[in-house]
*Asks:* 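Shown below is the structure under consideration.
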Amino acid sequence: MQPLLIHAGVAMAAAMHEVADLLANAKHVVVMTGAGVSAESGIPTFRDALEGLWSTYSPQQLATPEAFARDPELVSRWYDERRMAVLKCKPNPGHYALAKMESSMSAAGREFTLLTQNVDGLHVRAGSERVVELHGSLTTWRCTETGRTYRDLPEPFDEYPPVSEDGGLLRPGVVWFGEALPATAMRAATMALRECDLYVAVGTSGVVYPAAGFVHEAARSGAKTVEVNLEDTPLTQDFGVTLRGKSGDLLPELAQESCGVSL
Ligand code: OAD
């Protein structure tokens, strides 16, 4: 058993050096994150079992326009509980490492684009600047009548479903199943994937499109591809290099080795 473990440790160290080297030399890095990057902040991932009141509902049941139309009270209450929960959470070392890598690379005239499927706002709170929120944000809600967006909201809302100043129902500013991703976010992602020479997917199960297809778009542009995840995903074989472990451990190590930044 021990020789196998030693072998795995050596292979992992070699893969870490390889990825640090890629990060150190890339001209345009695109990092795409999923729920796994926020797991160490205490936010359950989508494929984790949800606890308490919500354990009997799957996100797929609640995260649809039909669910909101059918039961706006239930859906808005669920999203407001998630909003209140993420406001209590803090960015973890993985979020900070990405923010530090961005500022270090930008200072060196290199490009760094962060695409995220997360709606928790933790990348922005950690200091990342060029963040594309593909699935929107939990902290911005919009009026279903006028489309006006609201950021300065009571914590929590006093009633469900909440009503906007315009008189329409307020819905969370997130993308639901069956809805298109925000056009500006998709444009920014497409451009970045076309131009990047390194693509790194962190903490995503790779089952929800279009983000799951980004690895193929990046590879078509000639980019090297890296997957950082606790475990294998359905897309693992499509990546050039894979790193297994917690993003909160691996990203700070990569930031240190590739850019010389420590948290
Ligand atoms: P998932 O919950 O599907 O997957 C989380 C991934 O993170 C899994 O592959 C885990 O192995 C990995 N993971 C967990 N903890 C980790 C850690 N500490 N370090 C590294 N990896 C870790 O989340 P997403 O892929 O983000 O969409 O889900 C994609 C989309 O599906 C979500 O944005 C959401 C959901 O339904 C919408 O709501 C539209």
Side-chain angles (χ1 to χ4, degrees), residues 12 15-16 19 31-51 54-55 57-68 75-76 78-79 81-83 85-86 89-98 114-123 126 131-140 171-182 185-186 189 199-215 226-239 241-255:
M12 179 65 183
M16 283 294 281
V19 175
V31 174
M32 208 273 294
T33 63
V37 84
S38 294
E40 290 157 82
S41 293
I43 301 175
T45 66
F46 285 89
R47 270 100 207 144
D48 274 348
L50 295 177
E51 287 171 8
W54 303 113
S55 57
Y57 298 96
S58 77
Q60 281 80 352
Q61 272 177 302
L62 295 169
T64 66
E66 293 76 25
F68 185 68
V75 173
S76 58
W78 184 64
Y79 275 98
E81 287 205 7
R82 287 181 58 202
R83 177 174 72 105
V86 304
C89 293
K90 294 196 176 72
N92 67 57
H95 296 108
Y96 287 115
L98 291 172
L114 182 52
L115 312 178
T116 187
Q117 299 169 88
N118 299 343
V119 293
D120 55 35
L122 290 181
H123 286 303
V131 186
V132 179
E133 293 183 314
L134 294 160
H135 292 172
S137 162
L138 265 181
T139 51
T140 303
R171 60 155 285 178
V174 300
V175 176
W176 282 330
F177 288 100
E179 291 185 323
L181 269 60
M186 268 314 280
Y199 174 79
V200 186
V202 185
T204 176
S205 57
V207 294
V208 175
Y209 282 80
F214 288 174
V215 58
V226 177
E227 180 183 64
V228 178
N229 202 303
L230 272 183
E231 56 193 26
D232 281 0
T233 71
L235 292 177
T236 292
Q237 76 275 11
D238 299 344
F239 285 87
V241 190
T242 55
L243 295 177
R244 289 287 158 265
K246 291 185 175 177
S247 50
D249 295 334
L250 300 180
L251 295 176
E253 217 177 307
L254 289 171

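Counting starts at 1 for both ligands and their atoms, following the listed order.
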*Asks:* With rounding to the nearest 0.5 Å, note down the distance linking OG1 in Thr64 to CH2 in Trp176.
*Replies:* 7.5 Å
*Asks:* Within the distance-only criterion (no hydrogens, no angle test), does the side chain of Asn118 pair as donor or acceptor with the backbone N or O of Asp120 below 3.5 angstrom?
*Replies:* no
*Asks:* Applying a 4.0 Å heavy-atom criterion (strictly less than), which segment of Phe177 is in contact with ligand 1: side chain, backbone, both, or neither?
*Replies:* side chain
*Asks:* Under 4.0 Å from any heavy atom of Gly245, which atoms of ligand 1 are there?
*Replies:* 19 (N), 20 (C)
*Asks:* Please evaluate residues Arg171 and Glu179 with respect to the criterion salt bridge (charged side-chain N to carboxylate O under 4.0 Å, His left out), reporting the C-alpha separation (whole Å), side-chain torsions for both, the decisive distance (0.1 Å), and the verdict.
*Replies:* CA-CA 13 Å; Arg171 60 155 285 178; Glu179 291 185 323; 2.7 Å; yes
*Asks:* Side chain, backbone, both or neither: which part of Ser247 comes within less than 4.0 Å of ligand 1 when only heavy atoms are counted?
*Replies:* both
*Asks:* Nearest protein heavy-atom contact for atom 30 (C) of ligand 1: which residue, which atom, what distance?
*Replies:* Val208 CG2, 3.7 Å
*Asks:* Applying a heavy-atom cut-off of 4.0 Å, say which part of Val175 lies close to ligand 1: side chain, backbone, both or neither.
*Replies:* backbone
*Asks:* Among Ser205, Ala201, Ala211, which one has a heavy atom closest to atom 4 (O) of ligand 1?
*Replies:* Ser205
*Asks:* Taking 4.0 angstrom as the limit and counting only heavy atoms of Glu231, give me the atoms of ligand 1 inside it, by number and element.
*Replies:* 11 (O)
*Asks:* Under a 4.0 angstrom heavy-atom cut-off, which atoms of ligand 1 come close to Ala39?
*Replies:* 15 (N)
*Asks:* If you apply the rule side-chain contact (heavy atoms from CB on, under 4.5 Å), what do you find for His95 with Ser38, and how did you get there?
*Replies:* CA-CA 8 Å; His95 296 108; Ser38 294; 3.2 Å; yes
*Asks:* Among all protein non-hydrogen atoms, which one is nearest to atom 25 (O) of ligand 1, and what is the separation to 0.1 Å?
*Replies:* Thr204 OG1, 2.7 Å
*Asks:* Answer side chain, backbone, both or neither: which part of Leu230 comes under 4.0 Å from ligand 1, heavy atoms only.
*Replies:* both
*Asks:* Under 3.5 Å, N or O to N or O, is His135 touching ligand 1 that way?
*Replies:* yes
*Asks:* Taking 4.0 angstrom as the limit and counting only heavy atoms of Gly34, give me the atoms of ligand 1 inside it, by number and element.
*Replies:* 26 (O)
*Asks:* Measure the OG1-CG distance between Thr204 and Leu115 for me, rounded to the nearest 0.5 Å.
*Replies:* 11.5 Å
*Asks:* Could you list the atoms of ligand 1 found under 4.0 angstrom from a heavy atom of Ala35?
*Replies:* 23 (O), 24 (P), 26 (O)
*Asks:* Using heavy atoms and a threshold below 4.0 Å, how should the contact between Gln117 and ligand 1 be classified: side chain, backbone, both, or neither?
*Replies:* both
*Asks:* To the nearest 0.5 Å, what is the distance between CZ (Phe68) and CH2 (Trp78)?
*Replies:* 13.5 Å
*Asks:* Locate the shortest heavy-atom distance separating Pro172 from Tyr79; write the atom from each residue and the value.
*Replies:* CG-CG, 3.6 Å
*Asks:* Check whether any side-chain N or O of Asn229 sits under 3.5 Å from a backbone N or O of Val202 as a donor-acceptor pair, and report yes or no.
*Replies:* no
*Asks:* Tell me which protein heavy atom sits closest to atom 28 (O) of ligand 1, plus the residue, atom name and distance to 0.1 Å.
*Replies:* Arg47 NH1, 3.2 Å
*Asks:* List ligand 1 atoms under 4.0 Å from Glu40, heavy atoms only on the residue side.
*Replies:* 17 (C), 18 (N), 19 (N)
*Asks:* Atoms of ligand 1 less than 4.0 Å from Gly203 heavy atoms?
*Replies:* 5 (C), 6 (C), 7 (O), 21 (N)
*Asks:* Can you report which non-hydrogen protein atom sits closest to atom 32 (C) of ligand 1, along with the distance?
*Replies:* Phe46 CE1, 3.5 Å
*Asks:* Tell me: protein heavy atom nearest atom 10 (C) of ligand 1, and distance?
*Replies:* Asn229 OD1, 3.4 Å
*Asks:* Starting from atom 17 (C) of ligand 1, what is the nearest protein heavy atom, named by residue and atom, and what distance separates them?
*Replies:* Gly36 O, 3.4 Å
*Asks:* Is the shortest side-chain N to carboxylate O distance from Glu227 to Arg244 below 4.0 Å?
*Replies:* yes
*Asks:* To the nearest 0.5 Å, how far apart are CG in Asp249 and CG in Leu243?
*Replies:* 12.0 Å
*Asks:* For Ser137 and Thr139, indicate whether the former's side chain and the latter's backbone hold a donor-acceptor pair under 3.5 Å.
*Replies:* yes
*Asks:* Would you kindly say whether Thr116 and His135 are connected by a side-chain donor-acceptor distance under 3.5 Å?
*Replies:* no
